[in-house]
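Both counts, for ligands and for their atoms, begin at 1 and track the order of listing. Quick note: numbers below take in every heavy atom, side chains included, and nothing from hydrogens, waters or symmetry partners. Just so it is clear, the structure is predicted and the values come from calculations on it, not from any experiment.
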Amino acid sequence: MNATPSSPPGIAPLDVERIRRDFPLLKRQVNGHRLVYLDSAATTQRPSVVIDAVRDFYEQHNANVHRGVHQLSQEATAIFEATREKARAFVNAPEVAEMIYVRGTTEAINLVAQSWARPRLKPGDEILVTTMEHHSNIVPWQLVAEQTGAVVRPIAIDDDGTLDLDDLDARLSERTRVVAVGHVSNSLGTVNPIAHIAKRARSVGAITVVDGAQAAPHYPIDVQALGCDFYAFSGHKVFGPTGVGFLWGRREWLDAMPPWMGGGDMINSVSFQGSTWAPLPSKFEAGTPNVGGAAGLGAAFDYVSGLGLDRIAQHDHELLQYGTARLLEVDGLRLIGTSPKKTGILSFVLAGIHPHDIGTIVDRDGVAIRTGHHCAQPVMERFGVPATVRASLTIHNDRADIDRLVESLEGVRRMFG
Ligand code: C6P
């Protein structure tokens, strides 16, 4: 068994060899080598149970939801709604009606920006984001700022990639209406103290919108304990299909917000005198949703909870420590993001070698990593680099994967002299 070594007593280590067998794609050879997939932050691979659930949906139950009285439509609706309940449990939301189906994190944040913020913000109001945000948690706020006259202000980060909480405090004022923050940074791996941030935001009457895209696959999430107002995540980062994800929001806000998109399934009545909206969650779910995706995502929630998020977090932590130590053995390697509170993301640069060259060369060795600005250009600017190489870790990675990456990087080093 290739388990995580030295797990503390009480938390059984993940059986990585077994987990790897759950993922058909990991059996692939790439460029003549066993694939080492270190790009799960971009998108996770899918276990057979997810692929099977999607196939089973289309082979046995395919129909539109909430619309038909026929058997298939009822089955499709039951599958769709069962996944909503699993999503509620996944983030410990108080009510299932607060879980809104979206295409993913990006759509969820745009929904909050357009439906919560746009009708409320006035010129001079402030939206605080952090310097480490993904563009999905910056640009929607810039758009709404243009529409309303509000201003987007960045909260600073320290040299190790930790959020500067003094700067947060300095920037919070009665003008602050929204604090938009990533739970985990996709380019640095930093884990932000959401409960603290939400409390500080609340003290000035601001709401907290959390981008959970990179946290959802790594940690148990409890929106009630976090005390935030909205929480967004994508199915494809938790081993589910693309094109499906969730926005959780507090009922008091969701009830008060107008629909963002109009269409079928979100209305109570429609006439040329005016239309009225369906209750939650339908009010925010115009049009035919990704029902097949929802079937797969339900299986993904089961898969992840079957493994246990505590065990996943522990595995992640130990592999991150190992990976950090091993990478630092590579001559000229500089890690970008070394906060003490980090999850399984290793971003780095190698002196004198462009990240894209590194990505291309290690791919020849069958190692898949991401290179670029990771849709977080302000982070690159903050650290004075155009791009980084990023290895992201997950449940099917082990020390041997890290060793393969390091070996390949040594090869790159030798090639560039
Ligand atoms: N990050 C990465 O390689 P969507 O595309 O909507 O599922 O998720 C967007 C998103 C939002 N927030 C964070 C923190 C993210 O990491 C991402 C997606 C991928 O890092 C693709 S850029």
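- Of all the heavy atoms of R103, none lies under 4.0 Å from any atom of ligand 1, so neither backbone nor side chain is involved.
- Considering only residues two or more places apart in sequence or on other chains, H374 meets the ring-ring contact (aromatic ring centres under 6.0 Å, His included) condition with none of them.
- When non-hydrogen atoms are compared, ligand 1 lies under 4.0 Å from neither the backbone nor the side chain of E107.
- If you look at A213 next to ligand 1, the close heavy atoms, those under 4.0 Å, all belong to the side chain.
- The ring pair (Phe, Tyr, Trp, His ring centres under 6.0 Å) test with F233 singles out one residue from Y101, Y219, W248, F90, and that residue is F90.
- Remark: the Y322 side chain and the D398 side chain contain no N/O donor-acceptor pair separated by less than 3.5 Å.
- Counting protein heavy atoms only, atom 6 (O) of ligand 1 is closest to T106 OG1, 2.5 Å.
- Other residues, nucleotides and ligands contribute more than 12 heavy atoms inside 6.0 Å of the CD atom of Q321.
- In this structure, the protein non-hydrogen atom closest to atom 16 (O) of ligand 1 is Q214 NE2, 2.7 Å.
- Aromatic rings from H218 and H183 are positioned such that their centres are separated by 6.0 Å or more.
- Between R250 and D229 there is a salt bridge, with a side-chain nitrogen of the basic residue lying less than 4.0 Å from a carboxylate oxygen of the acidic one.
- The backbone N or O of S234 sits less than 3.5 Å from a side-chain atom of T105, completing a donor-acceptor pair.
- With a heavy-atom cut-off of 4.0 Å, D211 touches ligand 1 through its side chain alone.
- Heavy-atom contacts of C375 reach the following atoms of ligand 1: 22 (S) (cutoff under 4.0 Å).
- Residue-ligand proximity, T105 to ligand 1, at heavy-atom distances under 4.0 Å covers atoms 6 (O), 8 (O), 11 (C).
- In this structure, D158 has no side-chain hydrogen bond (donor to acceptor under 3.5 Å, both in side chains) partners at least two apart in sequence or on a different chain.
- By the criterion of a heavy-atom distance under 4.0 Å, the side chain of R390, and not its backbone, is placed next to ligand 1.
- Remark: ligand 1 atoms within the under-4.0 Å shell around heavy atoms of S234 are 4 (P), 6 (O), 7 (O), 8 (O).
- If you check the side chains of S40 and T394, you find no donor sitting under 3.5 Å from an acceptor.
- Contact analysis puts A41 in contact with ligand 1, with a non-hydrogen atom separation below 4.0 angstrom.
- Looking at R370 against ligand 1, only its side chain comes within 4.0 Å, counting heavy atoms.
- Considering H134, H135, K237 only, the shortest heavy-atom separation from atom 19 (C) of ligand 1 involves K237.
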